[in-house]
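For reference, the structure discussed in these notes is given below.
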Amino acid sequence: MIPVGLSFQQAPPFSVPFRFFLTAPLFLLAAASLLLFDGESLMMNRHDPATLAATHLVTLGFTSMVMCGALLQLLPVLSGIVLPHPLRKARLIHAPLAMGAAGIAGAFLWNLSWLMYFSMTCLAVGFASLLLTVAIGIWRVSPQGTSLSVTRLALVALGVTVCFGLVLGMARHMPLTVPYQTFANLHPLWGLYGWTTLLVMGMAYQLMPMFQLTPAYPAILTRRLVGAMLLCMALRTLAAWIPGQAGNNLARIIDVILVLGALLFAFITLRLQWRRKRIVRDATLNFWKIGMVCLLLSGAMGFLLQLPDGTNHEALHMTLGVLVLPGFAVAIINGMLYKIVPFLTWFHLQSAHSRSGIVPNVRQIQSGFRAHYQMALYLVALTVLAASCWVPTLSRIAGILWAINALWLEFNMLHAAKIFLKVQRVARIRSPD
C-alpha cells in the first residue's frame, strides 16, 4: 500500500538513490578499519589525523551519502518537484562525493596537500551539484508542508558547512590568514546541528506519523523549532567574531539554547513513539529510539562541557562525538535505510511488473535483512566504542564490531539489489517483448 499524501509519479529511477545506499556502508567499514589498526591514538585525541579521517569517513562517506540519496528520492515524492535527467544528476553528485570523502580521509592520514586540494575540489563539485539540482527545484515550488520548508533550511546549513570546510582544508596547507580555530569550531556546529539534525527533523515531521504510525508532532514545534535553531546558529557564528569575554559568554549561552532545542526534539520524538497507534516489532523504530536516546545523552554531555574547565576532559569530548555521530546520526540513518530500501524495492518493481505476480511484498524483502540482530550488534559496537573513549585498548574490539556491523548493512543493501535484479530478469524472460 502506498502511503497517502505521497506523489510517486515523480519518483526517480531505482538506481538514483540506490547507488548512494550501496556505497555508504563501505565508508563505515573504512572508518572501522582505522579503529582496528590505529584505534588507541584515534580514541585519545580528537585532533589526531586518524580521528579526523574517521570522522569525515562517517560524516561525508556515510551520513551525507545516504542523505543525498534520500533527498533525490524523497523530495520529488514529498513535494512533486521534477528533477530533470535524474540519472545524470545522480552520477554528478555521487562520484565526486565518493572520491572526495575517500580522498580527504587519505589527506588527513598522510598529510598530502595535493590530495586535500583534489578532495576539496571533488566535494565542492558534488555538493554544488546537489544544491543546484535540489535547491532550485525546491525554491520553484510553493511550500507544501513543514518538511519541505525544513529541507530548505537544512540545505542552507549544508552550504555553510561546505564553505567552512573548504576554508579549513585550504588553511591546513596554504598560508591563509584566517582564524583557523574559529572555523574549526563553526564547521561541525553547522554540519551536525544544521545539515544533519535539521534534515532529520524535516524527515521525522513527515515520515514518522506516516510510516511509524505515531501522532503528529505539535504544530508549534514544527513551525518554530527549526527556524529558531537556524537563527541560533547564525548568532553563534556572529558571536565567534566578537572579541573578548563578551563573545565567549554569548557563544556559551547560544550553545546551551541549541542543546535545549535538540533535547526538546528528542524528548518529543520518544514521547510520540511511545504513543504509537499500533505496537509491532520494528527495527526502524528501535534504531530511532537509540538515536534519540543518544541525542539526549549527548545533550547532557554538552551541558557538562559548559561547566568550568575542570570537566573539560578529552575523553568527555570523545564520548560526545561518539554519541552524536555513531550514536545519533548513524542509528537514525541505519533505521531509515531499513524503512526506505524495502519500500523502494517493492514500489519500483510493483510499478513495472504489477501483473506478473512475482513481486515480493515489503515484509518479504525485510525478512532477509535480519535487522533486529544487526541492531543488537550495532548497540554492542556503540557501547564498546563509547567505553574505548575512556579505555583506549578497547578500540580494536570496537573496530572489529563496527566492521562486522558495516558489512552486515552492506550485505542487506546488496540483498535488496539482488531481489530487484532477479525480479527484473524473471519479468523480462516472461515478457520477451
Side-chain angles (χ1 to χ4, degrees), residues 23-46 48 50-67 101 105 108 188 191-193 195-197 199-200 262 266 283-284 286-302 314-338 371 373-392 394-410 412:
T23 308
L26 300 178
F27 285 95
L28 205 57
L29 178 62
S33 301
L34 288 179
L35 264 178
L36 187 60
F37 294 106
D38 199 13
E40 291 196 27
S41 61
L42 190 156
M43 298 307 300
M44 292 176 65
N45 181 6
R46 66 186 186 275
D48 187 83
T51 309
L52 295 173
T55 299
H56 286 81
L57 285 170
V58 175
T59 55
L60 294 172
F62 182 76
T63 305
S64 292
M65 187 72 69
V66 175
M67 286 181 167
F108 281 123
L192 295 175
Y193 276 114
W195 165 232
T196 303
T197 305
L199 194 58
V200 168
T284 294
N286 291 332
F287 269 114
W288 272 73
K289 286 180 178 178
I290 293 170
M292 291 301 115
V293 169
C294 286
L295 190 56
L296 288 173
L297 293 175
S298 65
M301 200 79 67
E314 184 67 21
L316 205 60
H317 283 281
M318 293 298 299
T319 307
L320 176 62
V322 168
L323 290 172
V324 171
L325 280 180
F328 166 66
V330 173
I332 296 296
I333 289 173
N334 201 326
M336 185 175 67
L337 285 173
Y338 282 154
Y373 296 107
Q374 191 255 322
M375 183 195 66
L377 173 64
Y378 160 83
L379 198 52
V380 173
L382 179 64
T383 303
V384 175
L385 184 62
S388 67
C389 296
W390 304 88
V391 186
L394 294 174
S395 59
R396 297 186 188 279
I397 299 174
I400 294 172
L401 293 173
W402 276 101
I404 298 172
N405 178 75
L407 287 170
W408 197 329
L409 184 58
E410 176 67 13
N412 288 339

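Note that the coordinates shown come from a computational prediction; the quantities given were computed from them, not determined experimentally. Residue numbers start at 1 and run along the sequence shown.
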Checking Thr51 against Met43 for the side-chain contact (heavy atoms from CB on, under 4.5 Å) test, could you report, in this order, the C-alpha distance in whole Å, the side-chain angles of both residues, the deciding distance, and whether it holds? CA-CA 7 Å; Thr51 309; Met43 298 307 300; over 6 Å; no

In sequence, state the C-alpha distance, the side-chain angles, and the governing distance for Asn45 and Glu314, and then conclude on side-chain contact (heavy atoms from CB on, under 4.5 Å). CA-CA 7 Å; Asn45 181 6; Glu314 184 67 21; 3.9 Å; yes

side-chain contact (heavy atoms from CB on, under 4.5 Å) between Leu379 and Ile290, intermediate numbers included: CA-CA 8 Å; Leu379 198 52; Ile290 293 170; 3.9 Å; yes

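A distance of 9.0 Å separates OG1 in Thr284 from OH in Tyr338, rounded to the nearest 0.5 Å. Note: Leu296 CG to Phe328 CZ = 10.5 Å, rounded to the nearest 0.5 Å. Separating the CG atom in Leu34 from the CG atom in Leu52 is a distance of 11.0 Å, to the nearest 0.5 Å. Here the straight-line distance linking atom CE of Met292 with atom NZ of Lys289 works out to 12.5 Å at 0.5 Å rounding. Residue Leu394 holds its CG atom at 11.5 Å from OG1 of Thr383, rounded to the nearest 0.5 Å. Summarising the geometry, atom CD1 belonging to Ile332 is positioned 11.5 Å from atom CG belonging to Leu337; distances are rounded to the nearest 0.5 Å.
By the 4.5 Å heavy-atom criterion applied to side chains, Leu35 and Leu385 are counted as neighbours. The shortest side-chain heavy-atom distance between Trp390 and Thr319 falls under the 4.5 Å cut-off. Side-chain contact check for Leu382 versus Cys294: some heavy-atom pair is nearer than 4.5 Å. Residues Leu377 and Tyr373 have side chains not in contact (no heavy-atom distance under 4.5 Å, counting atoms from C-beta outward). Using a 4.5 Å heavy-atom cutoff, the side chains of Asn334 and Met375 are not in contact. At a threshold of 4.5 Å between non-hydrogen side-chain atoms, the residues Phe287 and Ile333 do not count as touching.
The minimum heavy-atom distance between Ala406 and Leu29, with the atom names listed, is CB-N, 3.6 Å. Taking every heavy atom of both residues into account, Asp38 and Ser41 meet most closely at OD1-OG, 2.7 Å. Heavy-atom minimum distance, Ala329 versus Thr63: CB-OG1, 4.3 Å. For Val324 against Leu192, the heavy-atom pair with the smallest separation is CG1-CD1, 3.8 Å. Across Leu320 and Gly302, no two heavy atoms sit closer than the pair CD1-N, 4.4 Å. Here the shortest heavy-atom pairing between Trp288 and Met336 reads NE1-N, 4.3 Å.
Panel note: side chain Ser64, backbone Thr59; a donor-acceptor pair is recorded below 3.5 Å. With hydrogens and angles disregarded, no donor-acceptor distance shorter than 3.5 Å links the side chain of Ser298 to the backbone of Leu323. Remark: the backbone N or O of Met318 is not paired with any side-chain donor or acceptor of Arg46 at under 3.5 angstrom. Under the 3.5 Å distance criterion, the side-chain polar atoms of Ser395 are left unmatched by any main-chain donor or acceptor of Ser388.
No hydrogens or angles considered: a donor-acceptor pair under 3.5 Å links the side chains of Asn405 and Gln374.
For Trp402 and Tyr378, the gap between ring centers is short of 6.0 Å.
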